[in-house]
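Count residues from 1 along the sequence. Source: prediction; values computed, not measured.
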Amino acid sequence: MNKNHPKLLRNVTAITAAAERSLWKRDDLTQAQPDWLAEEVPVALIYNGISHVVMMASPKDLELFALGFSLSEGIIESSQEIYGMDVEKGCNGIEVQIELSSRRFMGLKERRRAMAGRTGCGVCGVEQLNEIGRPVAPLPFTQTFPLSLLDDALRQLNDFQPVGQLTGCTHAAAWINADGAVAGGHEDIGRHVALDKLLGRRAQEGWREGAAMVSSRASYEMVQKSAMCGVEILFAVSAATTLAVEVAERCNLTLVGFAKPGRATVYTHPQRLI
């Protein structure tokens with residue numbers, strides 16, 4: 001994952017993300033037919049031996065998820081602050097053991113939260129209301145993107161959802177380069193987790209020019225995570241919430257919803273769009 005830390009991948013568990021089952025269809029309830037279901041497993045992120053959060057997620061690309069989550073939640077500022085990572089099977093799910101620098105681990109302990117089960121709601125489990133909406137430094141205006149290139153990128157979003165194509169059960173997040181080429185993408189049953197995987201991949205690859213694209217709605221946390229990682233432009237296939245727009249406006253993020261072929265609604269900072 002991180003080329004400077006080869007031991008990050010020293011013990012990755014090979015796990016599939018879809019399973020075949022026998023199911024009944026409406027047109028024939030007498031004969032079961034084989035079909036595919038997306039795997040959903042508890043994934044515990046454990047920092048320096050202390051469990052920080054348990055998320056329901058797809059059991060793939062978990063190293064990228066852990067890196068992206070650590071960045072988007074402000075646990076680290078750089079991938080260099082993760083010294084090692086192991087992905088292991090636990091008793092009831094999967095454990096990602098993350099070795100943080102001492103400085104970052106001390107900071108994490110000071111603001112540690114119990115956030116179990118955040119696939120549905122981005123703020124489930126926070127202990128106090130003032131923990132919602134952590135301050136994000138205003139983004140610079142260094143990126144632009146031609147909307148004429150958006151349609152082709154949108155058509156490629158399904159290419160990064162092999163489990164979704166089998167099961168119809170995943171979200172995707174992808175990175176679009178400034179020239180419209182889709183650099184890469186990731187999927188998960190949870191939209192937040194899919195975005196974290198993308199943000200981890202972005203940090204790994206050093207992608208900076210361009211925009212993020214997600215197959216879901218733009219909730220407050222999708223905006224917050226993107227801005228925390230320095231993403232200036234976020235395209236969402238569905239709508240945005242009022243809080244997402246408020247956060248995007250405040251942190252200078254260009255937020256675009258209803259991103260579909262021939263259509264886009266710009267909520268904030270349209271000056272980055274050509």
Side-chain angles (χ1 to χ4, degrees), residues 1 9 11-45 53-66 68-69 87-96 116-122 124 150-176 182-201 212-219 221-222 235-239 257-263:
M1 185 182 67
L9 295 180
N11 187 28
V12 176
T13 306
I15 307 170
T16 60
E20 194 172 26
R21 297 286 188 271
S22 294
L23 309 174
W24 290 263
K25 300 299 178 70
R26 175 174 174 171
D27 56 355
D28 186 359
L29 297 177
T30 63
Q31 183 68 41
Q33 304 173 33
D35 207 339
W36 290 92
L37 299 180
E39 295 276 7
E40 181 180 21
V41 300
V43 177
L45 300 186
V53 64
V54 177
M55 305 279 284
M56 301 306 297
S58 302
K60 60 182 289 193
D61 302 323
L62 295 180
E63 308 86 2
L64 295 177
F65 165 51
F69 180 91
V87 179
E88 305 170 344
K89 284 187 176 180
C91 294
N92 297 307
I94 301 174
E95 295 179 351
V96 184
R118 281 176 40 166
T119 53
C121 170
C124 291
L150 179 60
D151 289 1
D152 188 54
L154 285 165
R155 282 188 283 268
Q156 298 178 60
L157 197 54
N158 282 339
D159 295 345
F160 303 101
Q161 294 178 267
V163 175
Q165 291 179 39
L166 275 176
T167 67
C169 195
T170 67
H171 286 293
W175 186 259
I176 319 172
V182 180
H186 294 273
E187 67 177 335
D188 200 273
I189 57 170
R191 65 187 188 278
H192 304 127
V193 180
L195 179 59
D196 276 331
K197 289 178 179 179
L198 175 69
L199 295 173
R201 176 79 177 281
M213 174 174 59
V214 296
S215 65
S216 64
R217 69 181 182 273
S219 60
E221 193 180 35
M222 303 293 276
F235 293 104
V237 168
S238 191
F258 296 110
K260 299 176 182 179
R263 183 182 178 190

Between the side chain of [X] and the main-chain N/O of [Y], is any donor-acceptor distance below 3.5 Å?
X	Y	result
Ser215	His171	no
Glu187	Gly164	yes
Glu20	Pro34	no
Lys197	Lys60	yes

Provide the closest heavy-atom pair for [X] versus [Y] in the form atom of the first, atom of the second, distance.
X	Y	answer
Ala194	Ala173	O-CB, 3.6 Å
Ala212	Trp175	N-CZ3, 3.5 Å
Val214	Leu157	C-CD2, 4.4 Å
Val96	Ala66	CG1-CB, 3.8 Å
Pro59	Val41	CB-CG2, 3.9 Å
Leu198	Gly184	CD1-O, 3.9 Å

Please examine the side chains of [Y] and [X], heavy atoms only from C-beta on, and report whether any two atoms are closer than 4.5 Å.
X	Y	value
Asp188	Asp196	no
Glu40	Cys169	no
Phe235	Ile176	yes

Have a look at Asn158 and tell me which of Arg155, Gln161, Gln156 forms a side-chain contact (heavy atoms from CB on, under 4.5 Å) with it.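 The single option meeting the side-chain contact (heavy atoms from CB on, under 4.5 Å) with Asn158 is Gln161.
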Which value, rounded to the nearest 0.5 Å, describes the distance between [X] atom [atom1] and [Y] atom [atom2]?
X	Y	atom1	atom2	value
His192	Met222	NE2	CE	6.0 Å
Phe65	Leu195	CZ	CG	11.0 Å
Asp27	Gln33	CG	CD	6.5 Å

Would Leu37 and Leu23 count as a side chain to side chain contact (heavy atoms under 4.5 Å, CB included) if you check the C-alpha gap in whole Å, the side-chain angles of each, and the deciding distance to 0.1 Å? CA-CA 10 Å; Leu37 299 180; Leu23 309 174; 4.2 Å; yes
Basic-acidic side-chain contact under 4.0 Å: Asp61, Arg201: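 Answer for the salt bridge query: no.
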Could you go step by step and tell me if Val53 and Phe69 meet the side chain to side chain contact (heavy atoms under 4.5 Å, CB included) rule? CA-CA 10 Å; Val53 64; Phe69 180 91; 3.8 Å; yes
Is there a side chain to side chain contact (heavy atoms under 4.5 Å, CB included) between Val87 and Glu63? Walk through the geometry before answering. CA-CA 7 Å; Val87 179; Glu63 308 86 2; 3.8 Å; yes
Atom CG of Asn92: over 12 foreign heavy atoms under 6.0 Å: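 No, not enclosed.
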Enclosure of Gln31 CD (heavy-atom neighbours >12, cutoff 6.0 Å):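 Count not over threshold, so no.
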